[in-house]
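Read through the structure below, which is laid out as structure tokens, and then see the notes.
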Amino acid sequence: MASDGVTENCLAWAARDPSGVLSPYKFSRRALGVDDVSLKITHCGVCYADVFWTRNGFGDSRYPLVPGHEIVGIVKEVGTNVRGFRVGDHVGVGTMVNSCRDCEYCNDGLENCCSKGRISTFNGIDVDGTITKGGYSSCIVVHERFCFKIPDEYPLGSAAPLLCAGITVYSPMIRHKMNIPGKSLGVIGLGGLGHMAVKFGKAFGLKVTIFSTSISKKEEALNLLGADNFVISSDQEHMKSLTKSLDFIVDTASGDHPFDPYLELLKIGGIYTLVGFPSEIKFSPASLNIGLRTFSGSMTGGTKAIQEMINFCATHKVYPNIEVIPIEYVNEALERLIKRDIKYRFVIDIENSLK
């Protein structure tokens, strides 16, 4: 049933200033509306976005700031109009908690592209005018449209990274038909997003080549993640030998890097999708035009794609590689994330450590 007042006090960890240091914090979630779902959070993934916003990387951080937008948990209450969820359901919440739900993009299941602006899971302005606070917390209230069912057999901790890292690569791969068995996929970068692109590529039946700057990742890329090929991007001879060999490339790298050498690896009509955020994009028009190639960008995904992805992962047993940590370790985890010292996603055990 809907509540008339505040649902309950919520425990959390928050950053108070641009130092980004998180510490225990307590606040009240907004009241449960008739179309809302209230959930007890069990796990939350750690994303690089958490680093940026806790440290005011974009200049718009609102403190105290509770990060986290890879949220999973168990439904504890639903609004009177909610029909798709019931108490006890396993659910996930991703990078957004609401949108206008009525523009052409929302109506097409692309709420992440909402014309009036989606409401971000943290550091956004909620429907009641309060600042949204994320999943480094014990509970959350969201509109039912932005809750996603997680099959009971799928581990909740493993589900968390799907809500950002997973959908960020799954969405463009489906949009550009990178799920045709027998085709070839190149993945640039082997972090949280890159390792999910590899896993989806293999689940789709693709031949996957990983491009990295670090030879230390080769054995794990081939033997643990199951990639078919591993290439050091600075090895010009190896790169040249792969000219016009790939149907698709998913670029997850956010550090500055050249694009022309990778575009030359695409077959005629090949598709290059960028999901990372380098400071600039620069390449020769000839790299596109002569090869009839497509260069596109993407960020997260809409509600239809998110639920589809979760179902796909459950059916095909696609699981992110995670390191589960207690909330008390989160500051160290963020520092390790900056140093890329993680294989491949931290997940906070909220249920057992946030007391």
So which heavy atom on [X] is nearest to which on [Y], and how close?
X	Y	value
Leu39	Val72	CD1-C, 4.4 Å
Gly45	Ala160	N-CB, 3.7 Å
Ile306	Gly301	CD1-O, 3.7 Å
Cys103	Cys100	N-SG, 3.2 Å

Between [X] and [Y], does any side-chain donor sit less than 3.5 Å from a side-chain acceptor?
X	Y	result
Arg29	Ser38	no
Tyr329	Glu323	no
Asn311	Gln307	yes
Ser296	Thr294	no
Asp260	Ser284	no

Has the side chain of [X] got a donor or acceptor atom that lies under 3.5 Å from a matching backbone atom of [Y]?
X	Y	value
Arg293	Ser287	yes
Ser171	Thr168	no
Ser184	Asp247	yes
Ser120	Phe122	no
Ser254	Pro278	no
Asn56	Ser61	yes
Asp89	Arg86	yes
Asp17	Ser19	yes
Arg345	Ile322	no

Evaluation steps, side chain to side chain contact (heavy atoms under 4.5 Å, CB included), between Thr132 and Thr121: CA-CA 6 Å; Thr132 57; Thr121 302; 5.9 Å; no
Near [X] [atom1], under 6.0 Å, is it more than 12 heavy atoms from other residues, nucleotides or ligands?
X	atom1	result
Gln236	CD	no
Lys282	NZ	no
Phe85	CZ	yes

Report yes if the side chains of [X] and [Y] come closer than 4.5 Å at any heavy-atom pair, otherwise no.
X	Y	answer
Leu246	Tyr262	no
Leu163	Ile71	no
Asn229	Leu242	yes
Phe312	Ile174	no
Pro320	Leu162	yes
Asn98	Phe146	yes
Met173	Phe248	no
Leu266	Tyr272	yes

Mind checking what makes salt bridge (Lys or Arg N to Asp or Glu O under 4.0 Å) contact with Asp36, not counting sequence neighbours?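 With sequence neighbours excluded, Asp36 shows a salt bridge (Lys or Arg N to Asp or Glu O under 4.0 Å) to Arg30, given in chain and number order.
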According to salt bridge (Lys or Arg N to Asp or Glu O under 4.0 Å), who are the partners of Lys149, at least two apart in sequence or on a separate chain?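 Salt bridge (Lys or Arg N to Asp or Glu O under 4.0 Å) list for Lys149, sorted by chain: empty.
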Full working for side chain to side chain contact (heavy atoms under 4.5 Å, CB included) between Ile271 and Met178: CA-CA 9 Å; Ile271 299 171; Met178 298 185 189; 4.0 Å; yes
Closer than 4.0 angstrom, basic N to acidic O: yes or no for Glu264 and Lys240?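 No, no charged N to carboxylate O under 4.0 Å.
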Are Glu332 and Lys339 close enough for a salt bridge, meaning some N to O gap below 4.0 Å?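 No salt bridge links Glu332 with Lys339.
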Trace of the side chain to side chain contact (heavy atoms under 4.5 Å, CB included) decision for Ser353 with Glu328: CA-CA 8 Å; Ser353 66; Glu328 294 84 3; 3.8 Å; yes
For residues 189-210, which side-chain donor-acceptor pairs fall under 3.5 Å, sequence neighbours excluded?
{"from": "His195", "atom 1": "ND1", "to": "Gly191", "atom 2": "O", "distance (Å)": "3.3"}
{"from": "His195", "atom 1": "ND1", "to": "Gly192", "atom 2": "O", "distance (Å)": "2.9"}
{"from": "His195", "atom 1": "NE2", "to": "Asn321", "atom 2": "N", "distance (Å)": "3.0"}
{"from": "Lys199", "atom 1": "NZ", "to": "Tyr319", "atom 2": "O", "distance (Å)": "3.0"}
{"from": "Lys199", "atom 1": "NZ", "to": "Asn321", "atom 2": "OD1", "distance (Å)": "2.9"}
{"from": "Lys202", "atom 1": "NZ", "to": "Asp228", "atom 2": "OD1", "distance (Å)": "3.2"}
{"from": "Lys202", "atom 1": "NZ", "to": "Asp228", "atom 2": "OD2", "distance (Å)": "2.9"}

How far does CG of Asp251 sit from CD1 of Ile281, to the nearest 0.5 angstrom?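 The CG atom of Asp251 sits 8.5 Å away from the CD1 atom of Ile281.
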Return the set of residues passing ring-ring contact (aromatic ring centres under 6.0 Å, His included) with Tyr63 (not counting sequence neighbours), or none when no residue passes.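 For Tyr63, no residue satisfies ring-ring contact (aromatic ring centres under 6.0 Å, His included) once neighbours in sequence are set aside.
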My understanding is that only residues two or more places apart in sequence, or in another chain, count here; which of them pass ring-ring contact (aromatic ring centres under 6.0 Å, His included) with Tyr136?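 Applying ring-ring contact (aromatic ring centres under 6.0 Å, His included) to Tyr136 gives none.
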List the steps and the verdict of side chain to side chain contact (heavy atoms under 4.5 Å, CB included) for Ser28 and Asn9. CA-CA 5 Å; Ser28 293; Asn9 285 328; 3.0 Å; yes
Please list, one pair per line, the donor and acceptor atoms closer than 3.5 Å that link side chains of residues 110-119 to other protein atoms, with sequence neighbours excluded.
{"from": "Glu111", "atom 1": "OE1", "to": "Thr303", "atom 2": "N", "distance (Å)": "2.9"}
{"from": "Glu111", "atom 1": "OE1", "to": "Thr303", "atom 2": "OG1", "distance (Å)": "3.1"}
{"from": "Glu111", "atom 1": "OE2", "to": "Arg145", "atom 2": "NE", "distance (Å)": "2.9"}
{"from": "Glu111", "atom 1": "OE2", "to": "Arg145", "atom 2": "NH2", "distance (Å)": "2.9"}
{"from": "Glu111", "atom 1": "OE2", "to": "Thr303", "atom 2": "OG1", "distance (Å)": "2.7"}
{"from": "Asn112", "atom 1": "OD1", "to": "Gly302", "atom 2": "N", "distance (Å)": "3.3"}
{"from": "Asn112", "atom 1": "ND2", "to": "Met299", "atom 2": "O", "distance (Å)": "3.2"}
{"from": "Arg118", "atom 1": "NH1", "to": "Thr95", "atom 2": "OG1", "distance (Å)": "3.1"}

Is the Trp53 ring parallel, tilted or perpendicular to the Phe58 ring (thresholds 30°, 60°)?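 Trp53 vs Phe58 ring planes: tilted.
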